[in-house]
Trainee: 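I'd like to ask you about the structure that follows.
Chain naming here is simple, since letters A, B, ... match the order of the sequence lines and numbering starts at 1 in each. Just so it is clear, the model here is predicted, and its values are computed rather than measured. For the numbers below, each heavy atom of this structure counts, side chains included, while hydrogens, waters and symmetry mates do not.
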Number of protein chains: 2
Amino acid sequence: MRRTKAEAEETRNSILSAAERVFFEKGVSTASLDDVAKAAGVTRGAIYWHFSNKTDLFLELYNTVNLPLEDMIERDVEQPAADVLCYIEKSAGDWLDELAADEHRQRIFTILLRCPYGDDLLPVLEKQQEVDERHTVMLDSAFDRARNAGFLSGNWTPQSATKALRWMMEGLCSEWLLFGRRFDLAMEGKEGLKRLFDSFRQLPAITEAPAAS
Amino acid sequence: MRRTKAEAEETRNSILSAAERVFFEKGVSTASLDDVAKAAGVTRGAIYWHFSNKTDLFLELYNTVNLPLEDMIERDVEQPAADVLCYIEKSAGDWLDELAADEHRQRIFTILLRCPYGDDLLPVLEKQQEVDERHTVMLDSAFDRARNAGFLSGNWTPQSATKALRWMMEGLCSEWLLFGRRFDLAMEGKEGLKRLFDSFRQLPAITEAPAAS
DNA sequence: AATTATACAAACAGATACGTATGTTAAAAT
DNA sequence: ATTTTAACATACGTATCTGTTTGTATAATT
């Protein structure tokens, strides 16, 4: 029963959608292609027509979303130095809002967190690391501008602020995604961000009074 | 070839040790019992003699180590309020040192992070959550004592400090363990802790001068 | 209108992996 | 000295998953 091109694209998408749900529920390695086929209402024949194997299916699924941090990078473009910290904080908070509201991204992110990065999924890991690297570089330079303009507390260096922010975000999301969403990600996350950024902004208490430069 | 009791205990331990390495390298779900048996220099018969199946083997392996946070809990016992913050910081730093030096714990922790908590491994997940819960409660009360004694910055509440610390530790360890140990865990981790705890300790800059109470 | 290529389903073959059943040796128990 | 039983190895049957092949109805092409 040959389908029209539009119909074929539909089944392809339904396979991807089913794979997302099945991989999320059973894990990538334990889920079989038959599980995915049944969830999509097709047979394995359809999957092997559209994709070459499970790894390829996973990679295609992985390409349907931009990575967790990827769009956060684009957001933090050049801003006036006075607003950089607020802007980064807002950007991170918005990103949490989006994640909390988008189950699709939640599933993808969860799958990525606990997928066994062995052997064949190396390209995924490499892309992840490249995105992380770009995000780190961007944050570093943003915090550096804030610091040069005198808006970063002496307690923090650009690098340490970047790491603290990234670790908090990663820990926050890991706990929420991997361990059953037992708290309000957006609310608690943004409160944590607020405290952390307050400490970024807080100028030293005891040191020299601002001399005219 | 019947072995003596001591020899049997040896093979049991070698199976556990092999399982640790194999699960770490191939992932729990993709590793077969034959892989484990070969790595241990025995056959599957030995495994089925000592353990009832793969899940049971995993649970036994899981019981051989105290959990990542478990011993950190015991450490943070009652301390004079003036030293509480320093004590927690040191305790967390020590724990990072130990993790960085102990490949055994690294592997177990890594396995736990990316194992598919579906279906049969629920007891593992539940124990994890219970340990996390106890750790959180302990940190809350410790930060609370620090705060009541005036040693916690007004920027932070006990709860927010607890969460910030836990998220930072979790993000730090996740990035290090899941993504190839590409930095010095103990050094960078302790520097991050130092910055964070400095911000915990830093009293507000502008607010009222300490009035006699 | 006849042909061809597409989009699958169904059937097939090979490889694991699991659980169990059975065999075997030597340590304990008697 | 037998007997028993612990500690495995070996062999077996079965289920499952994978990749491929074959069949087939129907769009698309000419």
Side-chain angles (χ1 to χ4, degrees), chain A residues 1-62 64 111 115-116 118-121 124, chain B residues 1-62 111 115-116 118-121:
Chain A
M1 324 147 168
R2 167 163 186 196
R3 312 291 160 77
T4 173
K5 285 220 168 184
E7 285 171 333
E9 191 64 18
E10 262 183 53
T11 66
R12 192 191 131 97
N13 288 333
S14 75
I15 290 172
L16 282 170
S17 168
E20 180 190 311
R21 295 192 306 269
V22 172
F23 287 168
F24 170 73
E25 285 165 17
K26 306 190 62 170
V28 180
S29 47
T30 63
S32 76
L33 287 184
D34 201 53
D35 293 332
V36 176
K38 274 171 184 157
V42 295
T43 68
R44 277 171 43 250
I47 296 184
Y48 276 100
W49 173 256
H50 287 284
F51 311 93
S52 61
N53 53 36
K54 188 159 85 172
T55 301
D56 181 50
L57 171 58
F58 177 79
L59 291 177
E60 289 299 309
L61 178 61
Y62 168 78
T64 62
I111 293 170
C115 90
D119 334 355
D120 40 4
L121 289 79
V124 175
Chain B
M1 326 151 169
R2 170 166 184 193
R3 312 290 160 76
T4 173
K5 285 220 170 185
E7 286 170 331
E9 190 65 17
E10 261 183 54
T11 64
R12 191 191 132 97
N13 287 334
S14 74
I15 289 171
L16 282 170
S17 167
E20 179 190 311
R21 294 192 307 270
V22 173
F23 286 169
F24 170 73
E25 286 164 18
K26 305 189 61 169
V28 179
S29 47
T30 63
S32 76
L33 287 185
D34 201 53
D35 292 333
V36 177
K38 275 171 184 158
V42 296
T43 67
R44 274 170 46 247
I47 297 183
Y48 276 100
W49 173 256
H50 287 285
F51 312 92
S52 61
N53 52 36
K54 189 160 86 172
T55 301
D56 181 50
L57 171 59
F58 178 80
L59 291 176
E60 288 299 309
L61 178 62
Y62 170 77
I111 293 169
C115 89
D119 334 353
D120 40 4
L121 288 79

Trainee: Can you measure I15(B) atom CD1 to dA7(D) atom C1' for me and round it to whole angstrom units?
Mentor: 11 Å

Trainee: Please find the pair of heavy atoms, one from V36(B) and one from I15(B), that lie closest to each other, and give the distance.
Mentor: CG1-O, 4.0 Å

Trainee: Search all heavy atoms of E20(A) against all heavy atoms of I111(A) and return the closest pair with its distance.
Mentor: O-CD1, 3.5 Å

Trainee: Given dC8(D), is OP1 or OP2 found less than 4.0 Å from the side-chain N or O atoms of T11(B)?
Mentor: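 Yes, because at least one side-chain N or O of T11(B) sits under 4.0 Å from OP1 or OP2 of dC8(D).
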
Trainee: Whole-Å distance between dA9(D) P and K38(B) NZ?
Mentor: 13 Å

Trainee: For the residue pair C115(B) and V28(B), what are the closest heavy atoms and their distance?
Mentor: CB-CG2, 4.2 Å

Trainee: Could you state the CG-P distance from D56(A) to dG19(D), rounded to the nearest angstrom?
Mentor: 11 Å

Trainee: Would you mind reading off the distance between W49(A) atom CH2 and dT18(D) atom P, rounded to a whole angstrom?
Mentor: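 Answer to the nearest Å: 20 Å.
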
Trainee: Would you mind building the protein contact string for nucleotides 18-30 of chain C? One character per nucleotide, 5' to 3', B for base within reach (heavy atoms under 4.0 Å), S for sugar-phosphate only, - for untouched.
Mentor: BBB----BBBS--

Trainee: R12(A) vs E60(A), test: salt bridge (Lys or Arg N to Asp or Glu O under 4.0 Å). Steps then yes/no.
Mentor: CA-CA 11 Å; R12(A) 192 191 131 97; E60(A) 289 299 309; 3.3 Å; yes

Trainee: Would you say dC8(D) has OP1 or OP2 under 4.0 Å from some side-chain N or O of H50(B)?
Mentor: yes

Trainee: Going by distance alone, is a donor N or O of one side chain under 3.5 Å from an acceptor N or O of the other, for S29(B) and S29(A)?
Mentor: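 Short answer, yes.
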
Trainee: For F23(A) and L57(A), work out which heavy atoms get closest and say how close.
Mentor: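 Nearest heavy atoms, F23(A) then L57(A): CZ-CD2, 4.2 Å.
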
Trainee: To the nearest angstrom, how far is I47(B) atom CD1 from dA17(C) atom C1'?
Mentor: 12 Å

